[in-house]
Every structure is written in C-alpha cells, then in structure tokens.
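Written below as structure tokens is the structure these notes are about.
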Amino acid sequence: MGKGTKVRKARGAFFTPPEITRFICDWAVRTATDTVLEPSCGEAAFLLAAGRRLTDLGSTSPGRLHGIEIHEPSANEGLKTLHAAGLNASITVADFFDRRPTPSFDAVIGNPPYIRYQHFGGTARNKSAEAALGAGVRLTGLASSLAAFVIHACQFLKPGGRLGLVLPAELLSVNYAAKVRQFLLGRFSRIRVAMFDTRVFPGVLEDVVLLLAEDCGPPDSFEVFHVRDLSGLAEAEGQAWAGFTLGAIDKWTTALLPQASFNVYQSLCQGPGFAPLRRWGETYLGAVTGANGYFALTQTEVCAYRLPRLDLVKISPPGARHLTGLGFDTAQWQAHSEAGKRCWLFYPHIETPSAAASAHIALGEHNKVPAAYKCRTRKPWWRVPLVAEPDLLLTYMNHDRPRLVSNTAGVHILNSLYGVRLHPEHRCLGRSLLPLAAFNSVTLLGAEVVGRAYGGGLLKLEPREADTLPVPDPATLAALAPELEALLPQALAALDQGDTARVTELVDEVVLSRALGVGPAELRVLHRAKAFLFQRRVQRGRPAAAAEFCHQEPNALISPPSPSPRRPPPGQDA
C-alpha cells in the first residue's frame with residue numbers, strides 16, 4: 001500500500017468509480033435549475049458528474065455546484081478539474097461538521113468518509129455527535145463517521161430534496177446504525193438501496209450500497225435493487241425494485257433475501273413453531289482473562305507449577321474448532337486436556353491463595369502480566385471474573401454456521417465462545433435437543449440474516465444478534481422430543497462423517513415438513529436462499545461464482561461487520 005493510499009485510508013477517503021457518480025447524479029439532478037452540494041467532496045468526482053448532468057439538462061447559470069472539503073490539496077485539485085471541464089463551482093475548505101446546515105439544496109450527493117469507531121475520536125467525534133444531536137439523533141459511542149454524516153447531510157436539503165450517497169453496507173445491519181435507519185425512514189417518503197455482488201472499490205474490502213432517498217416521509221417500505229457489478233447500474237431504472245416493509249428500528253438485512261425466500265422465511269419466523277433464542281434463555285460472552293497465555297493452562301503447565309485443583313477451574317479450550325458435535329462432554333474435555341490444550345483456568349481462592357498459586361502470581365508480576373489492560377483494571381489482577389457456567393456453548397465466529405453445543409462437561413468458557421444460560425423450565429429439554437433442532441433450514445438461514453460477514457467470509461453473531469436467531473420454540477420442541485430423540489443416532493453418525501447436510505435433511509423432515517407443514521417447494525426456496533447467502537459471503541473474492549448465484553436469486557444484500565457492545569453475563573456487572 002502506497003503512502004498516498006494510507007493517507008486517504010486514514011481520512012476515510014476513496015476515489016469513486018465514474019459509473020457510480022454518473023448513476024447517482026443522473027438520479028439526483030433532475031432540472032437545469034437544481035442546486036447541488038457535495039460534502040466532503042475530495043477531488044470533486046460527484047460535482048464533475050453533476051455539472052455534466054446540469055449541462056445536459058440545458059443549465060446555463062453558474063453557482064449551482066457547491067462542495068465542502070477539509071483537505072485543502074484535494075479541494076484545490078477538485079477545482080482545477082472542474083474548471084478544466086468548463087464548470088463553474090465553489091469548494092469551501094472546512095470541516096463539514098463545522099458548517100451550519102441550511103435547507104437550500106435540491107440534491108446532496110457524495111461518498112462520505114468512512115472511519116470506524118476505533119479510529120474516530122477526539123474533536124472529530126464530538127463535532128459529529130453534536131451535529132447529529134442538532135437533528136434530534138443521539139448516536140452511540142460505537143458509531144462510525146458515516147452515521148452523523150448522513151444525518152447532517154440531510155439537513156442541507158430543501159423540502160422534497162434528494163440524497164444520493166455511497167455508504168458501507170453496514171448501514172443495513174449494525175446496531176449503532178439503527179438510529180440512522182430510523183431517521184431516514186422518518187425523513188424521506190421514498191428510499192432505495194442498490195447493492196453489488198462484487199466489490200466495486202479496488203483495494204477496499206468494504207461492501208458498499210448506494211442510498212437514494214427523496215421527498216418527505218415516512219415511507220411504507222424501502223426498495224432494493226441488486227446488480228452484479230458496476231455495468232449493471234445502467235439497468236436499474238428500467239427494472240422493478242423489490243419492496244421491503246420494516247419497522248423503524250428493524251435491521252434492513254431481511255432485504256438480503258430474494259422476495260420469495262423473504263416471504264417464506266418471515267412467515268415461519270413469525271409463526272407458532274419458532275421463537276428467537278432469547279425465549280430459551282440468556283446469551284453472553286465468556287470470561288475475559290486479559291492474558292490467555294498466563295491464565296489458560298495446559299495439564300503440563302498445571303503439573304509444572306504444582307497448582308492444586310482448588311486453584312483451577314475447568315474450561316472449554318480457547319477457540320471453537322473443537323466443538324463439532326451436539327455436545328461437549330467430560331470424555332472430550334479429558335481428551336483435549338491430554339492432547340495439550342489449555343483446559344484449565346488459573347483461579348485461586350481470593351482470600352488465601354495456595355503457596356503454588358502465590359508463586360504463579362509472582363511469576364505473572366515478574367512477566368508484567370498486571371500491566372495488561374483487563375488485568376490492571378481489576379482487583380486483584382489475578383482473579384478473572386468468571387461468568388455463569390452455561391447450559392449451551394455457542395460459537396459466534398464461523399465459516400459455515402453457528403454451532404449450539406450442550407455443555408455436558410460442565411466447563412466454564414472464555415470469550416472465544418458465547419454461553420447460553422437456559423431458563424430453568426427449559427433447561428432439561430434445551431440441553432438435550434435444542435442443538436439438534438437448530439440444524440433446521442430456518443435457523444441456518446436465520447444465522448446468515450441476523451449475523452454479519454467479516455473479512456475472509458467469516459460469519460459473526462453479536463450477543464444481541466444471537467438473541468434474535470430463530471429456533472424451534474419450547475412448545476414445538478417438547479411435542480417433537482420423541483421423534484428428535486429417535487434421530488440422534490443417525491445425526492451423530494452423520495456429524496462424525498462431516499455430513500451436516502444430512503443432519504439438516506433429517507431435522508427438516510421432522511421440524512419443518514411433518515410438524516409445520518412446510519412443503520417441498522418452500523423447502524427448496526429456503527435451501528436456495530441459504531446457499532445463495534453462504535456462497536455470496538464466502539466467495540467475495542470469486543466474483544464470477546457469486547454472480548452466478550446472484551443471477552439465479554436476484555434482490556439480495558449482504559451485511560458487513562462492525563463491533564457492538566459486549567453484554568455482561570448473568571451475575572456480572574457491566
């Protein structure tokens with residue numbers, strides 16, 4: 001990566017392909033008298049396209065193109081480009097959030113700077129938060145730069161004006177953007193979202209969508225159009241856009257689904273046979289040690305340090321690869337321990353640590369373990385705050401699917417796993433059969449919808465997203481218990497061979513076909529939707545393969561990752 005690229009990335013600035021600038025400007029600029037603003041205009045790619053659009057519409061009066069740009073060299077370069085094209089424009093060198101909004105533009109267009117919350121702080125964050133608050137929106141501390149930018153940009157539009165922006169696809173899904181989605185649905189009467197199969201910004205891993213919003217709201221729905229690549233934008237205006245009706249605070253990721261799949265999926269999720277995982281119990285992150293290499297120990301290390309059992313707690317080894325079945329039992333834990341996995345947590349008695357524990361504490365102090373962030377913020381530093389022993393283990397970063405696993409070994413967990421603490425009345429049934437029942441196609445498709453895709457095609461669930469995962473409800477599972485128990489030997493044999501598709505086939509027959517009356521055609525719709533979203537997630541580096549799936553199942557989206565706050569587990573303060 002060159003120095004210039006690194007600088008642009010730090011500012012959240014990336015050059016926009018001309019196909020996008022032309023598409024947005026042709027939509028947003030409609031008359032020869034329109035006034036146009038490009039906030040954070042960089043080198044004025046959108047102003048250039050807007051100027052050409054105005055010229056095509058017969059505009060002869062100057063003063064219709066305006067830009068704001070914090071980076072003076074980029075602003076100067078933009079003005080040179082515009083003047084060379086014979087366009088009269090003004091670009092103000094300023095921070096967009098310092099500009100007091102006046103509703104004076106027919107169109108606000110552009111590609112806002114995208115800076116994740118980890119790198120978006122200090123004065124810049126404070127200004128953006130104040131700007132959003134000025135519009136009546138209080139953003140969370142996890143908001144990236146785009147959240148406040150979208151809200152602030154809307155304040156510059158005339159009544160009935162048009163907003164055309166390039167945005168990260170996380171707008172559709174992440175929790176912090178709920179306020180933005182709610183604001184947009186209250187502000188505009190028509191909202192359209194266009195998305196791509198392939199990444200359209202060279203060298204940038206982020207998926208993007210094109211947001212087109214106009215007039216005064218609220219709308220009955222938002223519309224979605226799916227294109228293979230940049231060349232497909234030319235087809236958008238001549239094609240039907242799929243409409244999705246959602247509540248103001250809902251994620252928009254259901255638009256990931258083709259319309260037919262959406263209808264089947266929504267009907268089953270809202271029907272009597274399914275419920276969100278939170279109906280069964282609480283989901284929470286495992287314990288955070290701050291230094292796994294010190295606190296998580298192998299059996300060999302336990303023996304070498306001569307640590308007694310009273311200074312130790314059994315844990316599931318860090319990571320999730322070992323959780324491949326329906327349960328994690330004592331024999332499996334013992335096998336991993338004998339294989340050298342970190343199956344013990346150093347957890348001495350807080351009042352009177354043993355002599356061996358005191359020696360291990362002294363070793364940690366010698367190695368500066370107390371300086372680690374999580375260690376230095378707790379007292380004593382060597383006492384890891386355990387979370388409740390879970391009934392079920394839940395993997396939250398997966399290539400294929402989230403895995404619910406019964407914790408029959410009675411181990412504690414670290415933060416590479418989520419725990420599910422079942423409600424007492426559901427504990428027996430949930431521990432024995434929910435991991436198997438979760439192999440049904442609605443739950444597997446639901447994981448793709450409620451989760452988010454990370455780089456490399458990994459699927460991640462945040463705790464609040466896991467709570468919404470659709471699973472068979474307790475009443476349904478109780479009614480199906482005998483049939484599911486009869487399936488267990490076949491399911492376990494298939495899992496031993498790595499044949500998860502066979503397990504899904506067996507569970508679908510019991511849960512979906514026989515119990516809920518889902519027909520073969522509907523099952524095919526669910527299977528194709530799951531396959532489509534899975535392929536789209538993992539084959540982002542293979543555009544041809546993804547495009548083939550997208551051609552078969554149009555009108556779908558994919559959501560990118562973004563952090564959300566860690567929820568404290570039962571019995572632990574936030």
Handout entry: Pair Arg190 + Glu223: basic N to acidic O under 4.0 Å
Key = yes
Handout entry: Gap separating the CG atom of Leu445 from the CZ atom of Arg401, nearest 0.5 angstrom
Key = 15.0 Å
Exercise for the section: Report yes if some heavy atom in the side chain of Phe105 is under 4.5 Å from a heavy atom in the side chain of Lys158; otherwise report no. Expected result: no
Problem - Backbone N/O of Leu54 and side chain of Ser59: donor-acceptor pair under 3.5 Å - result: no
Exercise for the section: Give a yes or no on whether a salt bridge exists between Asp34 and Arg64, defined as a side-chain N under 4.0 angstrom from a carboxylate O. Expected result: no
Handout entry: side-chain contact (heavy atoms from CB on, under 4.5 Å) between Val227 and Met195, intermediate numbers included
Key = CA-CA 6 Å; Val227 295; Met195 74 295 305; over 6 Å; no
Problem - Closest approach of Gly78 to Ile91 (non-hydrogen atoms, all atoms of both residues) - result: C-CD1, 4.2 Å
Practice task
Look at the side chain of Ser261 and the backbone N and O of Ala529, then say whether any donor-acceptor pair between them is shorter than 3.5 Å.
Solution key: no
Handout entry: Separation between OG1 of Thr92 and CG of Asp98, rounded to the nearest 0.5 Å
Key = 12.0 Å
Handout entry: Side chains of Leu212 and Leu165 in contact at under 4.5 Å (non-hydrogen atoms)
Key = no
Problem - Heavy-atom side-chain contact between Val108 and Cys154 under 4.5 Å - result: no
Exercise for the section: Check whether any side-chain N or O of Glu69 sits under 3.5 Å from a backbone N or O of Gly42 as a donor-acceptor pair, and report yes or no. Expected result: yes
Handout entry: Beyond-backbone contact of Ser40 with Pro113, side-chain heavy atoms, under 4.5 angstrom
Key = yes
Handout entry: Parallel, tilted or perpendicular, as decided by the 30° and 60° cut-offs, for the rings of Phe96 and Phe149
Key = tilted
Exercise for the section: Could you grab the distance from atom OG1 of Thr395 to atom CG of Asp400, nearest 0.5 Å is fine? Expected result: 7.5 Å
Handout entry: Note, Leu533 side chain near Val449 side chain (heavy atom, < 4.5 Å)
Key = yes
Problem - Donor-acceptor under 3.5 Å (Glu43 side chain, Glu77 main chain) - result: no
Practice task
May I ask you to say whether Arg524 pairs ionically with Glu522, meaning some side-chain N is under 4.0 Å from a carboxylate O?
Solution key: no
Problem - Cationic N near anionic O, under 4.0 Å, Arg162 to Asp106 - result: no
Practice task
Report the C-alpha distance between Leu210 and Phe225 in whole Å, list the side-chain angles of each, state the deciding distance to 0.1 Å, and finish with yes or no for side-chain contact (heavy atoms from CB on, under 4.5 Å).
Solution key: CA-CA 10 Å; Leu210 308 185; Phe225 190 78; over 6 Å; no
Practice task
Looking only at non-hydrogen atoms, find the nearest pair between Leu417 and Tyr396 and report the distance.
Solution key: N-CE2, 3.6 Å
Fill in the blank from the handout: Rounded to the nearest 0.5 Å, the CG atom of Leu526 sits from the CZ atom of Arg528 at a distance of 12.0 Å
Completion exercise
For Leu404 and Ala438, the nearest pair of non-hydrogen atoms, with its separation, is CD1-CB, 4.0 Å
Problem - Between OG1 on residue Thr35 and NE2 on residue His66, distance to nearest 0.5 Å - result: 6.5 Å
Handout entry: Steps toward side-chain contact (heavy atoms from CB on, under 4.5 Å) verdict (Arg403, Asn398)
Key = CA-CA 8 Å; Arg403 300 187 292 283; Asn398 307 275; 3.4 Å; yes
Completion exercise
Between Leu230 and Glu19 the two heavy atoms that sit nearest each other are CD1-OE1, 3.6 Å
Exercise for the section: Just do the side-chain contact (heavy atoms from CB on, under 4.5 Å) check on Ile191 and Leu211 with the steps written out, would you? Expected result: CA-CA 7 Å; Ile191 297 174; Leu211 173 69; 3.8 Å; yes
Practice task
Before giving the answer on side-chain hydrogen bond (donor to acceptor under 3.5 Å, both in side chains), spell out for His527 and Ser441 the whole-Å C-alpha distance, their side-chain angles and the decisive distance to 0.1 Å.
Solution key: CA-CA 7 Å; His527 294 163; Ser441 289; 3.1 Å; yes
Handout entry: Within-4.5 Å side-chain heavy-atom neighbours: Cys25 and Ile109
Key = yes
Exercise for the section: Please confirm whether the backbone N or O of Val29 pairs with a side-chain atom of Arg53, one donor and one acceptor, at under 3.5 Å? Expected result: yes
Exercise for the section: Mark yes or no for whether Thr21, through its side chain, and Pro18, through its backbone, hold a donor-acceptor pair below 3.5 Å. Expected result: yes
Problem - Asn440 (side chain) donor-acceptor with Val442 (main chain) under 3.5 angstrom - result: yes
Problem - For Phe156 against His152, the heavy-atom pair lying closest together - result: CD1-O, 3.2 Å
Problem - Check: Ser267 side chain, Asn263 main-chain N or O, donor-acceptor pair, under 3.5 Å - result: no
Practice task
Using a 4.5 Å cut-off on heavy atoms from C-beta on, say whether the side chain of Leu157 contacts that of Arg187.
Solution key: yes
Problem - Side chain Glu448, main chain Leu444, donor-acceptor under 3.5 Å - result: no
Handout entry: Heavy-atom side-chain contact between Val208 and Pro168 under 4.5 Å
Key = no
Practice task
Could you pull out the closest heavy-atom pair between Gly446 and Tyr265, with the gap in Å?
Solution key: CA-OH, 3.3 Å
